[in-house]
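Working notes for the structure below.
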Amino acid sequence: MKNPKLSIITVNLNNRDGLEKTIESVISQTFKNYEFIVIDGGSTDGSVELIKKHRKEISFWESEKDNGVYSAMNNGIDMASGEYLQFLNSGDYLLNNNILKKVFSFVGKKDIYYGSSLRKSDIGKIYELTEPRILTMKRFFDYSICHQSMFIKKELFKKIGKYNEKLKIVADWEFNVKAIILNNCTLKFLDFPIVFYDMTGISTRRQVLSLKEKDKSLNKLIPK
C-alpha cells in the first residue's frame, strides 16, 4: 500500500541559520512521498538566497510580506496538495533521516497523528516532552500539542477552517481545540519523538499574550 502524500510547510522570517537546519533535515529523508513548501515573509538576511540554492529540492516557495505566521501557514495550506500536512517552522528539524519513514509506517486514515518532541532547557539540557495518549479539555487549558510533531489531514482544514489570523500566538492551539474537543476528530498517538523544537524567542511577554488570547478564544468557543 502506497503511503499518503505529505506536504511539509515551513514558514520563515529572517532566520537563515534555522531555516538551513530545517531544509537539511527534510531533504535528507529516506521517505520521499512528500512536497516541500517554504513560505518566507520577505526576509533580508540571506534566507531567500538559501532557498534559491535549494530550489530543486523545494516544491514551491515564495518570499513576500505577509500578515504574520498564521497568514503564512494558511498560504501554505492553500498551496498544499498532500493528504497530510506537517508544519515545520524554520529552526525546527526532523530528528533523523528515517523519521518520516517511521511515522508513515503508522499513518492510515486518522485525522491527526501526533508524537513527542525534543527540546533544550534553559541550562542547555536536551529533554523529551512526551504528549498524552488521551487528549482532554484539561490538556488544552494547561497546554496544547507540539504543532511540529503533528500530521494533520488536509480535509480537516476544509471542515474546521484554517488558522485564525486574528490571533498572533495561539491560532494552532485554537484549531486543535476545535478539531479535537469540539469536533471529536480521530487521533493516533505515536510513542516516539519526531522533531527537535526550537525554543528560541519564547519570552514572558509572549506567554502573557498567549494566556490572553487563549482566554478570549475559550470564552468564544466554550459555553460557561
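No side-chain heavy atom of F140 sits under 4.5 Å from any side-chain heavy atom of K214. In this structure, Y197 and M199 have side chains that are in contact, with non-hydrogen atoms separated by less than 4.5 Å. Side chains of K153 and K110 form no contact here, defined as non-hydrogen atoms less than 4.5 Å apart. Considering only heavy atoms from C-beta on, N89 comes within 4.5 Å of Q148 through its side chain. M150 has its side chain within reach of N176: a pair of non-hydrogen atoms, C-beta onward, lies under 4.5 Å apart. Within the 4.5 Å cutoff, the side chain of V107 has heavy atoms near those of the P4 side chain. Inter-residue side-chain proximity for I39 and T10 is flagged as unmet; no heavy-atom pair is nearer than 4.5 Å. L88 has its side chain within reach of V26: a pair of non-hydrogen atoms, C-beta onward, lies under 4.5 Å apart.
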Chi angles and distances behind the salt bridge (Lys or Arg N to Asp or Glu O under 4.0 Å) call for E131, R139: CA-CA 10 Å; E131 307 292 347; R139 173 66 175 183; 2.6 Å; yes
From CA spacing to verdict: side-chain contact (heavy atoms from CB on, under 4.5 Å), I23, S25: CA-CA 5 Å; I23 290 174; S25 79; over 6 Å; no
Test log, rule salt bridge (Lys or Arg N to Asp or Glu O under 4.0 Å), inputs D78 and K162: CA-CA 9 Å; D78 291 338; K162 293 183 292 185; 2.9 Å; yes
Worked check of side-chain contact (heavy atoms from CB on, under 4.5 Å) between D66 and V11: CA-CA 11 Å; D66 52 47; V11 171; 5.7 Å; no
Working for side-chain contact (heavy atoms from CB on, under 4.5 Å), residues K178 and E174: CA-CA 6 Å; K178 287 180 178 179; E174 183 185 80; 3.7 Å; yes
From CA spacing to verdict: side-chain contact (heavy atoms from CB on, under 4.5 Å), L167, W173: CA-CA 10 Å; L167 298 173; W173 170 89; 6.0 Å; no
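I27 is connected to I8 through a chain of hydrophobic side-chain contacts under 4.5 Å among Ile, Leu, Val, Met, Phe, Trp and Tyr, so both are in one cluster. The cluster map of Ile, Leu, Val, Met, Phe, Trp and Tyr, joined by side-chain heavy atoms under 4.5 Å apart, puts I194 and L118 in different clusters. Both V38 and V195 sit in one connected hydrophobic cluster of ILVMFWY residues. Membership requires side-chain heavy atoms under 4.5 Å apart, directly or through other members. Residues Y93 and I37 are members of separate hydrophobic clusters, defined by side-chain heavy-atom contacts under 4.5 angstrom among Ile, Leu, Val, Met, Phe, Trp and Tyr. Placement of L135 and M137 within a single hydrophobic cluster is found when ILVMFWY residues are connected by side-chain heavy-atom separations under 4.5 Å, directly or transitively.
Residue R16 holds its CZ atom at 10.5 Å from CD1 of I51, rounded to the nearest 0.5 Å. Taking NZ of K65 as the start and OG of S71 as the end, the distance is 10.5 Å to the nearest 0.5 Å. Separation of atoms CG (N74) and CG (N67) is listed at 10.5 Å; rounding is to 0.5 Å. Note that CG of L19 and CG of D92 are 11.0 Å apart. Values are rounded to the nearest 0.5 Å. With rounding to the nearest 0.5 Å, the separation of NZ in K168 from NZ in K212 is 15.0 Å. Distance CG/L13 to OG/S43: 4.5 Å, rounded to 0.5 Å.
Between E128 and R119, none of the side-chain N atoms (NZ, or NE/NH1/NH2) sits under 4.0 Å from a carboxylate O, so this pair counts as no salt bridge. A salt bridge is absent between D17 and K21; no separation between the charged side-chain nitrogens and carboxylate oxygens falls under 4.0 Å. In summary, K216 and E213 do not engage in a salt bridge, as defined by a charged side-chain N under 4.0 Å from a carboxylate O. The pair K120-D198 fails the salt-bridge criterion, with no side-chain N (NZ, NE, NH1 or NH2) lying under 4.0 Å from an Asp/Glu carboxylate O. With respect to the salt-bridge test (charged N to carboxylate O, under 4.0 angstrom), the residues K53 and E49 do not qualify.
Within 6.0 Å of CD1 in I126 there are more than 12 heavy atoms belonging to other residues, nucleotides or ligands. By the 6.0 Å contact criterion, CD on E57 is enclosed, its count of non-hydrogen atoms from other residues, nucleotides or ligands being greater than 12.
Shortest non-hydrogen contact noted between I99 and P193 is CD1-O, 3.5 Å. For the pair N75 and E62, the tightest heavy-atom approach, listed with the atom from each and the gap, is ND2-OE2, 3.6 Å. The shortest non-hydrogen separation linking I160 to A179 is CD1-CA, 4.0 Å. Taking each heavy atom of G91 and N15 in turn, the nearest pair found is N-ND2, 3.9 Å.
Side-chain atoms of K154 come within 3.5 Å of backbone N or O of A80 as a donor-acceptor pair. A donor-acceptor pair under 3.5 Å is absent between the side-chain atoms of D215 and the main chain of L211, judged by distance alone. The main-chain N or O of I58 is never found under 3.5 Å from a side-chain atom of E35 such that the two would form a donor-acceptor pair. Side chain of S7 to backbone of G82: a donor-acceptor contact under 3.5 angstrom is found. Looking only at distances, no side-chain donor or acceptor of S149 sits under 3.5 Å from a matching main-chain atom of I145. In this structure, the side chain of N3 engages the main chain of F104 through a donor-acceptor pair within 3.5 Å.
Every residue two or more places apart in sequence or in another chain that forms a ring pair (Phe, Tyr, Trp, His ring centres under 6.0 Å) with F106 is listed here: F192. Qualifying ring pair (Phe, Tyr, Trp, His ring centres under 6.0 Å) partners for F175, counting only residues two or more places apart in sequence or in other chains: F157, Y163. Applying the salt bridge (charged side-chain N to carboxylate O under 4.0 Å, His left out) test to E83 and every residue at least two apart in sequence or in another chain returns nothing.
For F36 and F60, the ring centers are positioned 6.0 Å apart or more. Between Y114 and F151, the distance separating the two ring centers is not shorter than 6.0 angstrom.
A donor atom on one side chain and an acceptor atom on the other are found under 3.5 Å apart for S47 and N12. Judged purely by distance below 3.5 Å, without hydrogens or angles, the side chains of K5 and S81 pair a donor atom with an acceptor atom.
Relative orientation of the F31 and Y34 rings is parallel, given thresholds of 30° and 60° on the angle between their planes.
When each of D111, T186, L85 is tested with L156 by the rule side-chain contact (heavy atoms from CB on, under 4.5 Å), just one qualifies, namely D111.
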